[in-house]
Amino acid sequence: MALNPGVRILVLANQKGGVGKTTTAINLGTALAAIGERVLIVDLDPQGNASTGLGINRKDRSLSTYDVLVGEQPLSAVIRETAVPRLCVAPSTLDLLGVELEISPHKDRAYKLRHAVQTLVSSAPDSERFTYVLVDCPPSLNLLTINALVAADSVVVPLQCEFFALEGLSQLLSTVDQVKRTLNPELTIHGIVLTMFDPRNNLATQVVADVRKFMGDKVYDTIIPRNVRVSEAPSHGKPVLLYDLKCQGSQAYLRLASEVIQRERSLRAA
Ligand code: ADP
Ligand code: MG
């Protein structure tokens, strides 16, 4: 059962930095919007790379997810439109670094985002309701990530195709399991997305085989290739799908979006 009917809340999580969480949040979000979904990206990383990559300047972030988590603003007040139709973002700022200290005395400290999302969804008329919320997490299993996992229906785990890809995965999976047992019984793993694949690198091919062996059909069929256009796009404040729709990276994120929707359908049918 979805936490909020009609809305799927997916969290991009991996406590390793540089594995493609933010890139996947931006470009999966854009691809879902391109095929007609109404998408909100919630930036929960103090670095704010998702906000920057979606063209929201730092000086235009007077309200951010910090204000939401400390309870001073509803999500609706911080949401910004982006250049992509049907794609909005709740931006973050470095203030988020202090949030853990500020909310840790609160009894509902792990539920802050969940409550904010529920309020947003229940107050919006059907025609304006987001159909996907993607939460971009910091590279840590801290209270920010816990808030994301507690607010989520499902977790999407980006794994970089490199030698140590699987290292740390068991810790992430056990955190997900712990949140499922204690705070959010409906939480599931949506899938594992292999990122930055370079076919010229034999090791990368071996990593793909290993991850598929250990994680089976949890791994999406789509693999995101290493593609320079993907890494250039954020400096233009654009998702790669706007920067260069035809490049391999954009095409891979479009395929990933259809796969995500396909999995949603089979989950609902199950
Ligand atoms: P995370 O959010 O997990 O820290 P990022 O999404 O910020 O990771 O990606 C880390 C770096 O790798 C960024 O500089 C990003 O532009 C680059 N990158 C991510 N995906 C790709 C890709 N498919 N091809 C090339 N560069 C990529
Ligand atoms: Mg990031």
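In this chain, residues are counted from 1 in sequence order.
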Which heavy atom of [X] sits nearest to which heavy atom of [Y], and what is that distance?
X	Y	value
L187	L149	CD1-O, 3.6 Å
N227	C247	OD1-SG, 3.3 Å
A50	D136	CB-OD2, 3.6 Å
A90	T65	O-CG2, 3.5 Å
Q251	L245	NE2-O, 2.8 Å
E232	R229	OE1-NH1, 2.9 Å

I'd like to know if the side chain of [X] reaches the main chain of [Y], judged simply by a donor and an acceptor atom lying under 3.5 Å from each other, with no hydrogens or angles considered.
X	Y	result
N27	V240	yes
D177	L173	no
R226	D198	no
D153	L10	no
R212	A209	no
D45	Q47	yes
D60	I56	no
R86	A33	yes
K21	K16	yes

Check: [X]/[Y] side-chain N/O donor and acceptor closer than 3.5 Å:
X	Y	result
S154	T188	yes
R61	T52	yes
D43	S51	yes

**Report entry** OH-CD1 distance between Y253 and I26, expressed to the nearest 0.5 angstrom
**Finding:**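 The OH atom of Y253 sits 9.0 Å away from the CD1 atom of I26.
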Report task. Measure the CG-SG distance between L44 and C137 for me, rounded to the nearest 0.5 Å. Result ->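 If I round to the nearest 0.5 Å, the distance is 6.0 Å.
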Table please: side-chain donor-acceptor pairs of residues 218-225 below 3.5 Å, with sequence neighbours left out.
{"from": "K218", "atom 1": "NZ", "to": "I189", "atom 2": "O", "distance (Å)": "2.7"}
{"from": "Y220", "atom 1": "OH", "to": "H190", "atom 2": "ND1", "distance (Å)": "2.7"}
{"from": "Y220", "atom 1": "OH", "to": "G191", "atom 2": "N", "distance (Å)": "3.3"}
{"from": "T222", "atom 1": "OG1", "to": "E259", "atom 2": "OE1", "distance (Å)": "2.6"}

Report task. Given side-chain contact (heavy atoms from CB on, under 4.5 Å), test T23 with V230 step by step and report yes or no. Result -> CA-CA 8 Å; T23 304; V230 173; 3.4 Å; yes
Requested in this report: Decide yes or no on side-chain contact (heavy atoms from CB on, under 4.5 Å) for L113 and L69, but give the supporting numbers first.
Outcome: CA-CA 6 Å; L113 184 65; L69 292 177; 4.1 Å; yes
Query raised in the report: Is the charged tip of R38 near the ring of F130: under 6.0 Å from the six-membered ring centre and within 45° of its axis?
Result: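 Yes, a cation-pi geometry.
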Requested in this report: Check the pair R114, L183 against side-chain contact (heavy atoms from CB on, under 4.5 Å), reporting the backbone distance first and the verdict last.
Outcome: CA-CA 11 Å; R114 182 180 171 118; L183 303 167; over 6 Å; no
Should the heavy atoms of other residues, nucleotides or ligands under 6.0 Å from [atom1] of [X] be counted, would the total exceed 12?
X	atom1	result
N57	CG	yes
Q248	CD	no
E81	CD	no

**Report entry** Residue that, paired with L63, satisfies side-chain contact (heavy atoms from CB on, under 4.5 Å) out of I79, V78, T93
**Finding:**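 So, applying the side-chain contact (heavy atoms from CB on, under 4.5 Å) to L63 and each of I79, V78, T93, only V78 qualifies.
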Query - Residue pair I261, E37: steps toward the side-chain contact (heavy atoms from CB on, under 4.5 Å) verdict - result: CA-CA 10 Å; I261 290 179; E37 302 291 338; 3.6 Å; yes
Taking distance alone, no hydrogens or angles, what donor-acceptor pairs closer than 3.5 Å link side-chain atoms of residues 155-172 to residues at least two apart or in another chain?
{"from": "Q171", "atom 1": "OE1", "to": "Q15", "atom 2": "NE2", "distance (Å)": "3.3"}

**Report entry** ILVMFWY cluster, V7 and V117 together (side-chain gap under 4.5 Å)
**Finding:**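 The answer is yes; both residues are in one hydrophobic cluster.
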